[in-house]
Amino acid sequence: MATPLRGLLGAKVPPNSKTLEEARSRTFDFFKKACRSLPTVMNIYNLDDVVTISQLRSTISAEIRKNADVTNPKVIDMLLFKAMEELTNVVDHAKQRHHIIGQYVVGREGLVKDLGTKDEGASDFLKRFYETNYF
């Protein structure tokens, strides 16, 4: 199976960006590569029933925007290197489907939502017991 990032495995690490504008340009290039690889990721992991390509694109954009306040070009290059490594792992099927769903579809905040409904149907005795025995 040919993937768009297959040739990147033996690629050399590019030199550091000299300016913030160059690092910004590399960030846009990475975003384009990631968006172009989304149909392949959807096919590999069979994500059509869980998420759309536009939702994954929004997730990638949100991950990039988390680091929008970084102004050091060397730090941006390091973050891009890590992101490219993650993208290569995803495209090369180094992760399983539930990893992709947990990291990029549900997200970390989606797993925490269910904690509040745990004690709804319990009796008063059990609620007091749980309150005193939870750490």
Side-chain angles (χ1 to χ4, degrees):
M1 171 181 348
T3 60
L5 298 176
R6 214 28 107 172
L8 294 175
L9 292 177
K12 293 181 181 178
V13 176
N16 286 338
S17 300
K18 293 183 173 93
T19 63
L20 187 60
E21 211 36 59
E22 186 180 350
R24 186 174 183 260
S25 171
R26 287 184 182 188
T27 303
F28 286 133
D29 290 342
F30 167 75
F31 182 72
K32 289 176 190 174
K33 283 181 187 176
C35 288
R36 287 181 186 135
S37 67
L38 286 178
T40 305
V41 171
M42 294 285 286
N43 287 337
I44 290 172
Y45 294 101
N46 194 19
L47 297 174
D48 295 322
D49 58 336
V50 179
V51 70
T52 63
I53 290 179
S54 63
Q55 289 171 330
L56 285 177
R57 191 179 312 115
S58 297
T59 302
I60 293 170
S61 176
E63 288 292 322
I64 290 174
R65 288 185 179 151
K66 272 202 276 188
N67 298 308
D69 58 337
V70 177
T71 57
N72 186 347
K74 289 184 180 182
V75 175
I76 294 172
D77 286 340
M78 185 265 314
L79 290 169
L80 285 174
F81 180 77
K82 289 173 72 174
M84 196 65 197
E85 184 179 20
E86 178 73 14
L87 180 62
T88 305
N89 285 340
V90 169
V91 171
D92 288 344
H93 211 295
K95 293 185 175 234
Q96 294 181 3
R97 184 174 191 260
H98 68 277
H99 295 143
I100 302 299
I101 292 172
Q103 286 178 327
Y104 303 111
V105 176
V106 176
R108 290 178 182 89
E109 66 277 349
L111 298 175
V112 179
K113 290 179 184 174
D114 297 332
L115 293 178
T117 61
K118 192 171 188 177
D119 299 330
E120 281 183 4
S123 67
D124 289 334
F125 170 76
L126 285 177
K127 286 180 184 177
R128 283 181 298 197
F129 176 77
Y130 291 148
E131 287 172 6
T132 58
N133 288 315
Y134 278 164
F135 297 112

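Bear in mind that the values here come from a model prediction, so they are computed numbers and not experimental data.
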Next item on the list: Output yes when Glu22 and Arg26 qualify as a salt bridge under the 4.0 Å nitrogen-oxygen rule, no when they do not.
Entry: yes

Notebook entry, point to check: At what distance, to the nearest 0.5 angstrom, does CD of Glu86 lie from CD of Gln103?
Noted result: 5.5 Å

Notebook entry, point to check: If you round to the nearest 0.5 Å, how far is CG of Leu87 from CZ of Phe31?
Noted result: 12.0 Å

Check: Minimum heavy-atom separation for Ser37 to Val91, with atom names?
Finding: CB-CG2, 4.0 Å

Next item on the list: Any chance you could measure Ser17, atom OG, to Ile76, atom CD1, to the nearest 0.5 Å?
Entry: 7.5 Å

Margin query: Nearest 0.5 angstrom please: Met84 CE to Asn89 CG, how far?
Written below: 11.0 Å

Checklist line | Contacts of Glu85 that satisfy side chain to side chain donor-acceptor pair (under 3.5 Å) - sequence neighbours left out | finding: none

Item checked: Exercise: identify the closest heavy-atom pair between Leu20 and Thr71 -> CD1-O, 3.4 Å

Notebook entry, point to check: Has the side chain of Ser25 got a donor or acceptor atom that lies under 3.5 Å from a matching backbone atom of Glu21?
Noted result: no

Next item on the list: For Ile53, enumerate each residue passing the side-chain contact (heavy atoms from CB on, under 4.5 Å) test, keeping only those at least two apart in sequence or located in another chain.
Entry: Leu38, Pro39, Met42, Arg57

Check: How many angstroms lie between CG in Asn46 and CD1 in Ile100, if you round to the nearest 0.5 Å?
Finding: 13.0 Å

Next item on the list: Check for a donor-acceptor pair, side chain of Asp92 on one end and backbone N or O of Ala94 on the other, with a separation under 3.5 Å.
Entry: no

Checklist line | His93 ring center within less than 6.0 Å of Tyr45 ring center | finding: yes

Item checked: CG on Leu47 to CD1 on Ile101, rounded to 0.5 Å -> 6.0 Å

Notebook entry, point to check: Which heavy-atom pair separates Ile60 from Ala34 by the least distance, and what is that distance?
Noted result: CD1-CB, 3.9 Å

Margin query: Going by the rule side chain to side chain donor-acceptor pair (under 3.5 Å), which residues pair with Arg97 if we only count those two or more places apart in sequence or in a different chain?
Written below: Asp49

